[in-house]
Amino acid sequence: MAIALNDGVRKMIDDPNFGIVATINSDGSPQTSVLWITRDGDDLLFGTVRGRRKERNMARDPRVSVTVLNRADGYEYVEIRGTATMTEDGGRELMNDLSHKYDGTDFPAEPPERVRVVVRVTPTHVVEF
């Protein structure tokens with residue numbers, strides 16, 4: 001069941017703090033990736049490329065954990081566990097929005113064969129530290 005994020009967690013996501021997503025490899029071992037994040041309401045959004053390890057892992061097993069670290073104080077973070085869904089709709093636009101949030105510039109051009117995917121994580125559990 002989805003849960004609502006409180007204002008402190010929303011601010012942590014809205015600020016240009018990095019996220020670390022943990023997915024589950026086919027052998028059951030963890031896989032992590034550092035990424036840019038944003039949110040749509042209480043859902044987290046991030047992008048990836050079709051065929052990358054985290055995308056394949058989430059297609060097979062949508063359970064994920066995303067840790068968001070406060071850039072100003074690495075001891076302050078939130079963990080958001082939830083279920084991931086993916087779509088190719090809006091992938092390039094999301095990356096451009098995230099690039100402006102984190103770098104203040106447009107996202108660089110990519111080869112047409114690189115398919116961008118939007119990952120939406122619906123929170124089921126949140127832990128704040």
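- Partner of V119 under the side-chain contact (heavy atoms from CB on, under 4.5 Å) criterion, out of L35, T48, L94, L45: T48 alone.
- The minimum heavy-atom distance linking P123 with V121 is given by the pair CD-O, 3.4 Å.
- Each of L44 and I24 belongs to its own hydrophobic cluster when Ile, Leu, Val, Met, Phe, Trp and Tyr are linked at side-chain heavy-atom distances under 4.5 angstrom.
- Closest non-hydrogen pair, M12 versus Y77, comes out as CE-CA, 3.9 Å.
- Taking CG of D61 as the start and CG of N25 as the end, the distance is 10.5 Å to the nearest 0.5 Å.
- Of the inter-residue distances, the one linking E55 atom CD with R50 atom CZ reads 4.5 Å to the nearest 0.5 angstrom.
- For the pair I13 and L5, the minimum side-chain heavy-atom distance is below 4.5 Å.
- V66 and F129 fall within the same hydrophobic cluster, defined by Ile, Leu, Val, Met, Phe, Trp and Tyr side-chain heavy atoms under 4.5 Å apart, directly or through other members.
- Every residue was checked against the salt bridge (charged side-chain N to carboxylate O under 4.0 Å, His left out) condition with D27, not counting sequence neighbours, and none meets it.
- A chain of hydrophobic side-chain contacts below 4.5 Å, direct or via other Ile, Leu, Val, Met, Phe, Trp or Tyr residues, connects F18 to F46.
- Using a cutoff of 4.0 Å between basic side-chain nitrogens and carboxylate oxygens, D15 and K11 are scored as salt-bridged.
- In this structure, the side chains of D97 and T38 stay at 4.5 Å or more apart for every pair of heavy atoms.
- Panel note: side chain T67, backbone E79; no donor-acceptor pair is recorded below 3.5 Å.
- With rounding to the nearest 0.5 angstrom, the OG1 atom of T83 is 10.0 Å from the CG atom of D43.
- For N96 (side chain) and F107 (main-chain N/O), a donor-acceptor pair under 3.5 Å exists by modelled atom type.
- Hydrophobic cluster membership differs between V115 and V118, with clusters built from Ile, Leu, Val, Met, Phe, Trp and Tyr side chains linked at under 4.5 angstrom.
- Ring orientation note: the planes of W36 and Y102 are close to parallel, at an angle under 30° on the 30°/60° scale.
- Between M95 and E110, every side-chain heavy-atom pair lies at or beyond the 4.5 Å cut-off.
- Side-chain contact of S33 with Q31: a donor-acceptor pair under 3.5 Å is present, judged by distance alone.
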For this session: Check the pair R10 / D7 against salt bridge (Lys or Arg N to Asp or Glu O under 4.0 Å), numbers first and verdict last.
Result: CA-CA 5 Å; R10 286 187 188 114; D7 289 342; 3.1 Å; yes
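- Looking at R81 and V64, their side chains never come closer than 4.5 Å, going by heavy atoms from C-beta outward.
- Annotation: side chain of R56 is not in contact with side chain of T23 (no heavy-atom distance under 4.5 Å).
- Between T122 and A2, the shortest heavy-atom distance links the atoms CG2-CB, 3.5 Å.
- Here the closest non-hydrogen pair linking M58 and A84 is SD-CB, 3.8 Å.
- Contact of the M1 side chain with the T124 side chain is not registered, since no non-hydrogen atoms from C-beta on lie closer than 4.5 Å.
- Panel note: side chain R114, backbone V49; no donor-acceptor pair is recorded below 3.5 Å.
- Between the CD1 atom of I37 and the CD1 atom of I80 there is a distance of 6.5 Å, given to the nearest 0.5 Å.
- Inter-residue side-chain proximity for I20 and L69 is flagged as met; some heavy-atom pair is nearer than 4.5 Å.
- Nearest heavy-atom pair across V9 and N6 is N-OD1, 2.9 Å.
- Side-chain atoms of R39 and D14, non-hydrogen and from C-beta on, do get closer than 4.5 Å to each other.
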